[in-house]
Amino acid sequence: MAEPLNAPIPADETPAPKRQQVIALVDDDRNILTTLSIGLHAEGFATRVYADGETALKALLENPPDLAIFDVKMPRMDGLDLLKALRAQSSLPVIFLTSKDEEPDEALGLAMGADDYIAKPFSQRLLVARIRAILRRSELAKATPEEAPGVEVPDPVVRGRLALDPARHQVTWDGRPVSLTVTEFLILEAMALRPGVVKSRNQLMDAAYSDDVYVDDRTIDSHIKRLRRKFRAADPEFAAIDTLYGAGYSFTDG
């Protein structure tokens with residue numbers, strides 16, 4: 001039987017399409033811009049590309065993306081100057097692309113508010129894994145029970161003098177802030193969640209990298225060295241990360 005003409009129209013139960021996340025790419029090397037843009041499109045991201053920092057700064061402030069990736073070495077306005085100008089007005093998540101010999105720039109960039117850095121040459125899969133991790137963390141940091149019911153925000157972790165806020169990616173040691181990359185944070189968190197328990201390198205790899213990203217043992221050792229160096233900058237007596245040779249690492253404060 002035909003429905004009456006005045007019957008209510010059923011609501012469209014088709015879920016709204018998910019908004020495409022936007023990544024801004026800032027690099028004076030157009031080959032890198034093209035390669036990154038193609039790779040990110042394949043992963044479902046939209047991209048905007050900029051060949052210099054001055055042009056990028058205006059666009060990032062007027063029409064912010066979800067995340068930006070900066071090369072450190074650029075003419076006119078390099079990545080560090082761009083980050084400094086951006087941080088004066090915005091907390092937009094930022095990843096630096098650096099060369100292997102630019103460690104001082106990496107440390108300065110993190111201290112200025114960069115979220116992570118990746119050294120060239122890098123794996124596209126690793127870059128995408130870091131982008132997704134930072135975007136998840138950014139969404140959690142913005143979430144409140146009123147704004148996002150059902151979103152589970154992880155509780156802070158306190159272990160002696162160490163305090164970790166996983167939602168906001170903030171770390172303090174004895175009240176002093178310590179700037180960590182996403183990878184360093186995840187490795188430290190894996191150890192701090194079970195103080196005194198030795199975590200093998202494979203377990204730390206699993207905590208810090210997605211399943212399709214392979215790194216070798218030396219990469220984990222390098223991250224541990226950087227963690228110790230950063231904490232000793234805040235406290236020269238820092239000795240809370242222990243090495244059990246042949247087995248792995250553990251966190252113990254007192």
Side-chain angles (χ1 to χ4, degrees), residues 19-87 89-138 169 179-184 186 208-210 212-216 218-219 222-223 226:
R19 185 184 69 84
Q20 196 173 29
Q21 291 175 305
V22 179
I23 311 298
L25 307 173
V26 189
D27 198 312
D28 62 319
D29 187 329
R30 293 194 177 275
N31 290 329
I32 290 178
L33 288 177
T34 301
T35 301
L36 284 178
S37 187
I38 291 172
L40 292 175
H41 285 169
E43 295 291 335
F45 296 103
T47 61
R48 301 174 192 151
V49 299
Y50 307 97
D52 68 87
E54 289 182 353
T55 303
L57 178 62
K58 185 174 185 294
L60 294 175
L61 292 174
E62 291 180 351
N63 187 19
D66 294 284
L67 180 144
I69 299 173
F70 299 166
D71 186 31
V72 170
K73 301 299 185 186
M74 293 186 292
R76 296 175 62 189
M77 176 184 281
D78 67 17
L80 293 172
D81 288 337
L82 174 57
L83 177 64
K84 182 178 180 181
L86 181 67
R87 280 292 173 264
Q89 302 181 62
S90 170
S91 58
L92 174 73
V94 171
I95 296 175
F96 268 137
L97 298 182
T98 71
S99 299
K100 288 187 176 180
D101 59 352
E102 292 173 354
E103 188 169 314
D105 289 341
E106 296 163 358
L108 179 57
L110 292 171
M112 291 168 59
D115 295 84
D116 208 343
Y117 64 83
I118 294 182
K120 303 175 186 176
F122 54 86
S123 156
Q124 181 89 8
R125 289 182 300 170
L126 177 59
L127 176 61
V128 170
R130 293 280 74 85
I131 288 172
R132 295 196 192 283
I134 292 170
L135 289 175
R136 283 196 301 270
R137 191 190 73 219
S138 179
H169 190 71
S179 296
L180 302 182
T181 68
V182 171
T183 306
E184 292 163 350
L186 292 172
Y209 293 93
S210 60
D212 60 351
V213 175
Y214 172 77
V215 297
D216 60 25
R218 289 172 298 177
T219 300
S222 295
H223 286 308
R226 288 176 183 268

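Since the model is a prediction, treat every value here as computed from it, not as a measurement.
Every residue two or more places apart in sequence or in another chain that forms a side-chain contact (heavy atoms from CB on, under 4.5 Å) with Ala46 is listed here: Gln20, Val22. With sequence neighbours excluded, the residues satisfying side-chain contact (heavy atoms from CB on, under 4.5 Å) with Ala133 are Arg130, Arg136, Val182. Residues satisfying the side chain to side chain donor-acceptor pair (under 3.5 Å) criterion with Thr34, sequence neighbours excluded, are absent altogether. Shown here are the side chain to side chain donor-acceptor pair (under 3.5 Å) partners of Glu62, two or more places apart in sequence or in another chain: Lys58. With sequence neighbours excluded, no residue forms a salt bridge (charged side-chain N to carboxylate O under 4.0 Å, His left out) with Arg48. Asp52 meets the salt bridge (charged side-chain N to carboxylate O under 4.0 Å, His left out) test with Arg76; sequence neighbours excluded. Remark: Asp29 engages no residue in a side chain to side chain donor-acceptor pair (under 3.5 Å) (not counting sequence neighbours). In terms of the side chain to side chain donor-acceptor pair (under 3.5 Å) criterion, residue partners of Glu43 (sequence neighbours excluded) are, by chain and number, Arg132. Every residue meeting the side-chain contact (heavy atoms from CB on, under 4.5 Å) condition with Leu33, not counting sequence neighbours, appears here in chain and number order: Leu25, Asp27, Val49.
Evaluation of the salt bridge (Lys or Arg N to Asp or Glu O under 4.0 Å) test over residues 32-42, restricted to residues two or more places apart or in two chains, returns none. Residue pairs meeting the salt bridge (Lys or Arg N to Asp or Glu O under 4.0 Å) criterion with at least one member in residues 33-42: none, sequence neighbours excluded.
For Lys120 and Asp71, the salt-bridge test passes: some basic side-chain N is under 4.0 Å from an acidic carboxylate O.
Using a 4.5 Å heavy-atom threshold, the side chains of Tyr117 and Leu97 count as separate. Ile69 has its side chain out of reach of Ile118: every pair of non-hydrogen atoms, C-beta onward, lies at least 4.5 Å apart. Between Asp116 and Ile134, some side-chain heavy-atom pair lies under the 4.5 Å cut-off.
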Anything under 3.5 Å between a donor and an acceptor, one on a side chain of residues 35-42, the other on a protein residue two or more places apart or in another chain? List them.
| residue | atom | partner | partner atom | Å |
| --- | --- | --- | --- | --- |
| Thr35 | OG1 | Asn31 | O | 2.9 |
| Ser37 | OG | Thr47 | OG1 | 2.7 |
| His41 | NE2 | Thr47 | OG1 | 2.9 |

